[in-house]
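Beneath this line is the structure, given in structure tokens, with notes to follow.
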Amino acid sequence: FAKLSFLNASTPQELVSDSGLIRYLQADAQKEVFRVLPVLEEIDYGAARARDILAPNLSMIYSLSSVEGYNPMSPKTYSVFVKNFQNEYIDYEKDPGIILFGPEGGFDYALTDFLNVKYFVTKKEQKINRPMPIVYEDTKNVLYFNPTYYPRAFLVQDYVVSQDPDEILSILKKQRENLRHFLVLAMLVALTTGCT
């Protein structure tokens, strides 16, 4: 705390920028629950933390949800699950506390659909390969609407039960096109002791 004693109290507005894009997302967030994902140009932890819009962990200041986090309080299984749907852009073994999505092509859109990502944000000069309509644009950023995103909660038609983490990931990867209708239940094995 001694190192932080020189800092003055700040409002969220002083810490992050406000923009028409953010206001567009906030207005839509009043109607339904969804997540938004900024698409990186290249995987760089520093660039992700310093980006001028929706940096990891700062979406909550705007009352928006993201799938990323920098040292987030999230289960290890989530970071392992995300890594399973990405190319080797992010070294989670080196830094498991960072959950980032690499540039387009580095992540599987089946994962972002499953994770309820309704909008993708890119810089103006970036191109995105997946056909998605542009719903907002300003001098710096472009907001794409993802028509194939899943709702935050939904019913499925089929399931399988497993307690092996590797098997669960393998099943999910094989079922990537069917995640909207298929569920894997991870069975937890209770450990008992000889306590009386």
What's the shortest heavy-atom distance between [X] and [Y], and which atoms?
| X | Y | value |
| --- | --- | --- |
| F145 | M132 | O-CB, 3.3 Å |
| E137 | V142 | CG-CG2, 3.9 Å |
| N146 | T148 | OD1-OG1, 2.9 Å |
| A186 | I168 | CB-CD1, 3.7 Å |
| A29 | S63 | CB-O, 4.4 Å |
| Q26 | Y62 | NE2-O, 3.1 Å |

Nearest-0.5 Å distance, [atom1] of residue [X] to [atom2] of residue [Y]:
| X | Y | atom1 | atom2 | value |
| --- | --- | --- | --- | --- |
| L179 | L115 | CG | CG | 9.5 Å |
| D28 | Y136 | CG | OH | 14.0 Å |
| S19 | N141 | OG | CG | 7.0 Å |
| L54 | I22 | CG | CD1 | 4.0 Å |
| R35 | S66 | CZ | OG | 8.5 Å |

Do you reckon [X] sits in the same ILVMFWY cluster as [Y], going by side-chain contacts under 4.5 Å, direct or chained?
| X | Y | value |
| --- | --- | --- |
| L172 | V160 | yes |
| L64 | M60 | no |
| Y78 | L37 | yes |
| Y159 | L155 | no |
| V67 | I128 | yes |

(request) Taking ring pair (Phe, Tyr, Trp, His ring centres under 6.0 Å) as the test, write out the residues that go with F81, two or more places apart. (result) F85, F114
(message) Please determine whether side-chain contact (heavy atoms from CB on, under 4.5 Å) holds for the pair I171 and L169, giving the CA-CA distance in whole Å, both sets of side-chain angles, and the decisive distance to 0.1 Å.
(response) CA-CA 5 Å; I171 292 168; L169 290 172; over 6 Å; no
(message) So does K140 get a backbone contact from the side chain of E125, meaning a donor-acceptor N/O pair under 3.5 Å?
(response) no
(message) For K123, is there any backbone N or O sitting under 3.5 Å from a side-chain donor or acceptor partner on Q126?
(response) yes
If you measure from the Lys or Arg side-chain nitrogens to the Asp or Glu carboxylate oxygens, is any gap between [X] and [Y] under 4.0 Å?
| X | Y | result |
| --- | --- | --- |
| R152 | E32 | no |
| K124 | D138 | no |
| D113 | K118 | no |

(request) Verify the distance criterion only: is there a donor paired with an acceptor across the side chains of R130 and T112 at less than 3.5 Å? (result) no
(request) Kindly determine whether T122 and Y144 satisfy side-chain contact (heavy atoms from CB on, under 4.5 Å), including the steps that lead there. (result) CA-CA 8 Å; T122 67; Y144 292 90; 3.5 Å; yes
(message) Are V121 and V39 packed together at the side-chain level, in the sense that at least one heavy-atom pair is separated by less than 4.5 angstrom?
(response) no
(request) Would you verify whether the NZ or CZ of R180 falls within 45 degrees of the ring axis of F154 while also being under 6.0 Å from that six-membered ring's centre? (result) yes
(message) The test is side-chain contact (heavy atoms from CB on, under 4.5 Å); show your working for I134 and L143 and say whether it passes.
(response) CA-CA 6 Å; I134 295 173; L143 184 67; over 6 Å; no
(request) Sort out for me which residue in Y119, Y150, F120, Y149 forms a ring pair (Phe, Tyr, Trp, His ring centres under 6.0 Å) with F34. (result) Y119
